[in-house]
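These values consider heavy atoms only, across backbone and side chains, with no hydrogens, waters or symmetry-generated copies.
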Amino acid sequence: MTNQNTAEQKIIKKKVMIDSKADLVWYAWTKSDRVSQWFAGKAIVEPEVGGKYELYFEPGNEVGNCTKGCTIIGLEPFKSLSFTWKGPDPLAELMNQSSKLTEVNVTLQEIGEQTEVTVTHTGWGEGQEWQRAIDWHVMAWDQVLSSLKSALEAGEGELCCQP
């Protein structure tokens with residue numbers, strides 16, 4: 001996994017190579033039942049522009065620590081997926097208002113029998129609290145991509161960011 005965190009530019013960029021074809025990686029991001037195997041315990045994904053991209057990280061909790069209300073803002077099947085994003089509850093006041101949602105872009109590039117997955121997270125504000133949000137997401141995206149890799153390569157994804 002490579003890191004390219006440029007706080008000065010307010011961009012988080014993470015890459016990972018996965019021993020899997022791009023179509024399987026695509027479905028891991030865009031099929032609710034597959035997303036819930038490696039990312040969040042419950043997922044509602046409607047793979048179309050304007051469709052839901054909602055992840056519920058705590059079983060039974062559909063109001064906190066989730067991306068309820070987030071939507072897909074762009075997709076090119078098997079190549080890229082973009083969606084709005086909400087932070088965890090400790091960052092909710094800062095980044096979970098509709099006018100302050102950040103954006104996540106996932107791109108896939110098949111290279112032989114592997115797929116390079118790049119996650120780019122943008123839309124950060126200024127100040128110490130936003131830096132705290134960036135730092136938390138740098139850690140979280142490492143966990144997310146590690147879980148995706150494990151799930152696709154060994155069938156052993158671990159859900160991200162569990163309390």
- Message: As a quick check of understanding, evaluate side-chain contact (heavy atoms from CB on, under 4.5 Å) for Lys10 and Ile134, giving each step before the final call.
- Response: CA-CA 8 Å; Lys10 302 291 187 253; Ile134 290 169; 3.7 Å; yes
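- By the criterion of side-chain heavy atoms lying less than 4.5 angstrom apart, applied directly or through intervening Ile, Leu, Val, Met, Phe, Trp or Tyr residues, Trp130 is not grouped with Leu101; the two fall into different hydrophobic clusters.
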- Mind running side-chain contact (heavy atoms from CB on, under 4.5 Å) on Ser147 and Trp38 for me, showing each step along the way? CA-CA 6 Å; Ser147 181; Trp38 64 273; 3.6 Å; yes
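- Within 6.0 Å of atom CD in Gln97, more than 12 heavy atoms from other residues, nucleotides or ligands are found, so the atom counts as buried in its surroundings.
- Without hydrogens or angle criteria, Ser80 side chain to Val106 main chain gives no donor-acceptor distance under 3.5 Å.
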- Task: Would you please test Arg34 and Trp29 for side-chain contact (heavy atoms from CB on, under 4.5 Å) and show each step?
- Result: CA-CA 7 Å; Arg34 295 192 186 182; Trp29 284 95; over 6 Å; no
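- In this structure, NZ on Lys86 lies 8.5 Å from OG on Ser98, to the nearest 0.5 angstrom.
- Residues Val144 and Phe39 form a side-chain contact, since some pair of their non-hydrogen atoms from C-beta on lies under 4.5 Å apart.
- When only modelled atom types and interatomic distance are considered, Gln37 and Asp33 share no side-chain donor-acceptor pair under 3.5 Å.
- From Trp85, atom CH2 reaches atom CG of Asn96 across 10.0 Å, with rounding to the nearest 0.5 Å.
- Glu110 places none of its side-chain heavy atoms less than 4.5 Å from the side chain of Phe78.
- In terms of modelled atom types and a separation under 3.5 Å, the side chain of Gln114 and the main chain of Asp19 share no donor-acceptor contact.
- One side chain, Glu54 or Tyr56, offers a donor N or O that lies under 3.5 Å from an acceptor on the other.
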Enumerate, atom names and distances included, each donor-acceptor pair closer than 3.5 Å involving a side-chain atom of residues 118-126, sequence neighbours excluded.
| residue | atom | partner | partner atom | Å |
| --- | --- | --- | --- | --- |
| His121 | ND1 | Trp141 | NE1 | 2.8 |
| His121 | NE2 | Thr102 | OG1 | 2.7 |
| Trp124 | NE1 | His121 | O | 3.0 |

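- Note that NZ of Lys149 and CE of Met17 are 8.0 Å apart. Values are rounded to the nearest 0.5 Å.
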- Verdict with reasoning, Gln109 to Val117, per side-chain contact (heavy atoms from CB on, under 4.5 Å): CA-CA 7 Å; Gln109 182 179 0; Val117 179; over 6 Å; no
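- The shortest distance between side-chain heavy atoms of Lys21 and Glu113 falls below 4.5 Å.
- Leu91 is listed as a side-chain neighbour of His137, based on a closest heavy-atom distance under 4.5 Å.
- Here the options are Ile72, Val45, Leu108, the test is side-chain contact (heavy atoms from CB on, under 4.5 Å), and the partner is Leu81; only Ile72 passes.
- With a 4.5 Å cut-off on side-chain heavy atoms, Leu75 and Val49 count as touching.
- Distance check, rounded to the nearest 0.5 Å: NZ of Lys42 to OG of Ser32 gives 10.0 Å.
- To the nearest 0.5 Å, atoms CD1 (Ile44) and SG (Cys66) are separated by 9.5 Å.
- The number of heavy atoms from other shown groups lying within 6.0 Å of CD (Glu46) is above 12.
- In terms of hydrophobic clustering, with Ile, Leu, Val, Met, Phe, Trp and Tyr side chains grouped at heavy-atom distances under 4.5 Å, Ile73 and Leu55 are assigned to different clusters.
- Side chain of Ser146 to main chain of Asp142: no donor-acceptor pair is present (N/O by atom type, distance under 3.5 Å, no hydrogens or angles).
- Using modelled atom types, no side-chain atom of Asn65 and backbone atom of Phe57 make a donor-acceptor pair closer than 3.5 Å.
- Here the CH2-CD1 distance, from Trp136 to Ile12, works out to 10.0 Å after rounding to the nearest 0.5 Å.
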